[in-house]
There are 2 protein chains.
Amino acid sequence: MIQIDYANSESIYIQIKENIKKLILSGGLKPDEMIPSVRSLASTLAINVNTVLRAYKELELEGYIYSVQGKGNFVSGNNNSLKEKSVEDFKEKLGKLVKEADYINITLEEFINMAKELYSDKEER
Amino acid sequence: MIQIDYANSESIYIQIKENIKKLILSGGLKPDEMIPSVRSLASTLAINVNTVLRAYKELELEGYIYSVQGKGNFVSGNNNSLKEKSVEDFKEKLGKLVKEADYINITLEEFINMAKELYSDKEER
DNA sequence: CAAGTGTTATAGTACAGATATAACACTAAT
DNA sequence: ATTAGTGTTATATCTGTACTATAACACTTG
């Protein structure tokens, strides 16, 4: 369900966060569905409880999950605002990339062609 | 010429690298043009010489600049391979973004529309 | 009550980034 | 030759972040 890549330079708790965010946004995790307990995930991934806790706490702050004492952590109900926020985040990243394209003189047409290509690559999986 | 943003989470030496890369790729710095000496840049930015040195050393390794003992650091002559490489890097980033778009169910059409919008925003500057 | 859950707190380790300082080597101008 | 400006190398230190280790406390469910 959740995987850590030690070759990845991102820190463990960030990887856990991203992993769960993606699962929630893609629909792999449904609202009010329980996610692994801090202890079980820590044990599965062979990491410390506090590392998982940190990821979960930030996910809670960002509205992706909610935690209930003695019961566990659950996916938030309101996906809509989350989706909106993630689209905004996405747009910001795209904006940066467009700016970068500018530096190396990539035109809009070239940009779109690359995107089309990458999209179709994706579907060939 | 070069600016450090302490609010940016990127480390100082990375910011220096990116700054200079952009200047070179955009043509703001011409081949064989001298860039600020390690000492002067360190003094201007109120940072340590070693931090600048680290950025310059990596830029040299990546082929963007070359250094001459006693004279200074200069922009590399061969921009072509650099441009190619930067386009490749760019494509990789775009690929990641496309993957991310997938998670939040952004279609190719939506993606292209956003890109068009951001490109035109850019021109309105 | 016991087992499983989240929570809080503290201390310790490891590493990366940045600093401080110094010494050495080369180049160009005087 | 001297001086000022350049890059280079080396070492030690400080700081913050990530992660670990451990423990204790609080809540929920069977």
Side-chain angles (χ1 to χ4, degrees), chain A residues 1-21 24 29 31-77, chain B residues 1-21 24 29 31-77:
Chain A
M1 181 184 188
I2 289 160
Q3 292 211 330
I4 300 300
D5 174 10
Y6 285 97
N8 190 328
S9 63
E10 286 293 355
S11 56
I12 299 176
Y13 85 97
I14 296 283
Q15 288 188 49
I16 294 174
K17 274 183 68 182
E18 294 305 316
N19 240 295
I20 293 179
K21 269 191 193 175
I24 292 174
L29 281 173
D32 297 317
E33 183 174 346
M34 183 177 173
I35 66 177
S37 77
V38 288
R39 281 186 180 77
S40 72
L41 185 57
S43 149
T44 303
L45 301 177
I47 58 176
N48 194 274
V49 181
N50 295 316
T51 305
V52 178
L53 188 62
R54 179 164 186 188
Y56 280 16
K57 275 294 136 199
E58 293 201 3
L59 284 170
E60 190 181 17
L61 272 175
E62 293 173 26
Y64 289 89
I65 64 175
Y66 60 91
S67 79
V68 184
Q69 271 262 36
K71 298 184 80 173
N73 286 275
F74 306 86
V75 176
S76 276
Chain B
M1 180 184 188
I2 289 160
Q3 292 211 330
I4 300 301
D5 174 11
Y6 286 98
N8 189 328
S9 64
E10 285 294 356
S11 56
I12 298 177
Y13 86 97
I14 296 283
Q15 288 189 49
I16 295 174
K17 274 183 67 181
E18 295 304 317
N19 241 294
I20 294 180
K21 268 191 195 176
I24 292 175
L29 282 173
D32 298 316
E33 183 175 346
M34 184 176 171
I35 64 177
S37 77
V38 289
R39 281 186 179 79
S40 73
L41 186 57
S43 150
T44 303
L45 301 177
I47 59 176
N48 195 274
V49 182
N50 295 315
T51 307
V52 178
L53 188 64
R54 179 164 186 188
Y56 280 16
K57 276 293 137 201
E58 292 200 3
L59 284 169
E60 189 181 16
L61 272 175
E62 293 173 26
Y64 288 89
I65 64 175
Y66 61 92
S67 79
V68 183
Q69 271 262 36
K71 298 183 81 172
N73 286 274
F74 306 85
V75 177
S76 275

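A, B, ... follow the sequence lines: proteins, then strands. Residue 1 opens every chain. All values reported here derive from a predicted model rather than from experimental measurement.
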Original post:
Does a nitrogen or oxygen in the side chain of B/Tyr13 sit under 4.0 Å from OP1 or OP2 of C/dA18?
Top reply: no

**OP:** Give the minimum heavy-atom separation between B/Lys57 and B/Ser67, together with the two atoms involved.
**Re:** NZ-OG, 4.0 Å

**OP:** Check if the side chain of A/Arg39 and the base of C/dG6 share a donor-acceptor pair of N or O atoms closer than 3.5 Å.
**Re:** yes

Subject >> Any donor-acceptor N/O pair under 3.5 Å between D/dT22 base and A/Asn50 side chain >> reply: yes

Original post:
With a 4.0 Å cut-off on heavy atoms, is A/Val68 in touch with a base, just the backbone sugar-phosphate, or nothing at all?
Top reply: sugar-phosphate

Subject >> Spatial distance of atom CD1 (B/Ile65) from atom CD1 (B/Ile35) [nearest 0.5 Å] >> reply: 4.0 Å

**OP:** Indicate whether OP1 or OP2 belonging to D/dT6 is found under 4.0 Å from a side-chain N or O atom of B/Ser37.
**Re:** yes

**OP:** Look at all strands and tell whether A/Tyr56 reaches a base, only sugar-phosphate, or nothing, counting heavy atoms closer than 4.0 Å.
**Re:** nothing

**OP:** Using atom NZ of B/Lys17 as one end and atom P of C/dG17 as the other, report the distance to the nearest whole Å.
**Re:** 11 Å

Original post:
Reckon A/Ser67 has a side-chain N or O less than 4.0 Å from the OP1 or OP2 of C/dT5?
Top reply: no

Original post:
Considering all heavy atoms of both residues, which atom of B/Gly77 and which atom of B/Pro31 are nearest to each other, and what is their separation?
Top reply: CA-CB, 3.9 Å

Subject >> Toward the 5' end of DNA chain D, by each residue's nearest nucleotide, B/Gln69 or A/Thr51 >> reply: B/Gln69

Subject >> Non-hydrogen atoms of A/Tyr13 and A/Arg54 that approach each other most closely >> reply: OH-NH2, 3.3 Å

**OP:** Please check the phosphate of D/dT8 (OP1 and OP2 only) for any side-chain N or O of B/Lys57 closer than 4.0 Å.
**Re:** yes

Original post:
Going by heavy atoms in the side chains, are B/Val52 and B/Ile12 under 4.5 Å from each other?
Top reply: no

**OP:** Return the minimal non-hydrogen interatomic distance between B/Lys21 and B/Leu59, and the atom names on each side.
**Re:** CG-CD2, 3.9 Å

Subject >> Any donor-acceptor N/O pair under 3.5 Å between D/dA21 base and A/Asn48 side chain >> reply: yes

Original post:
Is the side chain of B/Thr44 donor-acceptor paired with the backbone N or O of B/Ser40 at a distance under 3.5 Å, no angle test?
Top reply: yes

**OP:** Mind checking B/Ile47 for me? I need base, sugar-phosphate or nothing, with any heavy atom below 4.0 Å counting as a touch.
**Re:** sugar-phosphate

**OP:** Name the nucleic acid region contacted by B/Ile12, choosing base, sugar-phosphate or nothing; use a 4.0 angstrom heavy-atom cut-off, strictly under.
**Re:** sugar-phosphate

Original post:
Phosphate oxygens OP1/OP2 of C/dG17: is one of them under 4.0 Å from a side-chain N or O of B/Arg54?
Top reply: yes

Original post:
B/Ile35 has an atom CD1; how far is it from atom P of D/dG5, in whole Å?
Top reply: 19 Å

**OP:** Take atom CD of A/Glu58 and atom C1' of D/dA18, then tell me their distance rounded to the nearest Å.
**Re:** 12 Å

**OP:** Could you check how far CG of B/Leu53 sits from P of C/dA18, rounded to whole Å?
**Re:** 13 Å

**OP:** Using whole Å, report how far CG of A/Leu59 lies from C1' of C/dG6.
**Re:** 15 Å

**OP:** Grab the CE-P distance between A/Met34 and C/dG4 for me, whole Å please.
**Re:** 12 Å

Subject >> Of the listed nucleotides C/dG6, D/dG7, C/dT8, the one nearest the side chain of B/Asn73 >> reply: D/dG7

Subject >> For atom CD of B/Glu10 and atom C1' of C/dA18, their distance in whole Å >> reply: 15 Å

Which pairs, protein N/O on one side and nucleotides 28-30 of chain C N/O on the other, fall under 3.5 Å?
from   : atom 1 : to      : atom 2 : distance (Å)
C/dA28 : OP1    : B/Lys71 : NZ     : 3.3

**OP:** For residues B/Arg39 and B/Val49, report the shortest heavy-atom separation together with the two atoms involved.
**Re:** CG-CG2, 4.4 Å

Subject >> Interatomic distance where OH belongs to B/Tyr66 and C1' belongs to D/dT6 [whole Å] >> reply: 14 Å

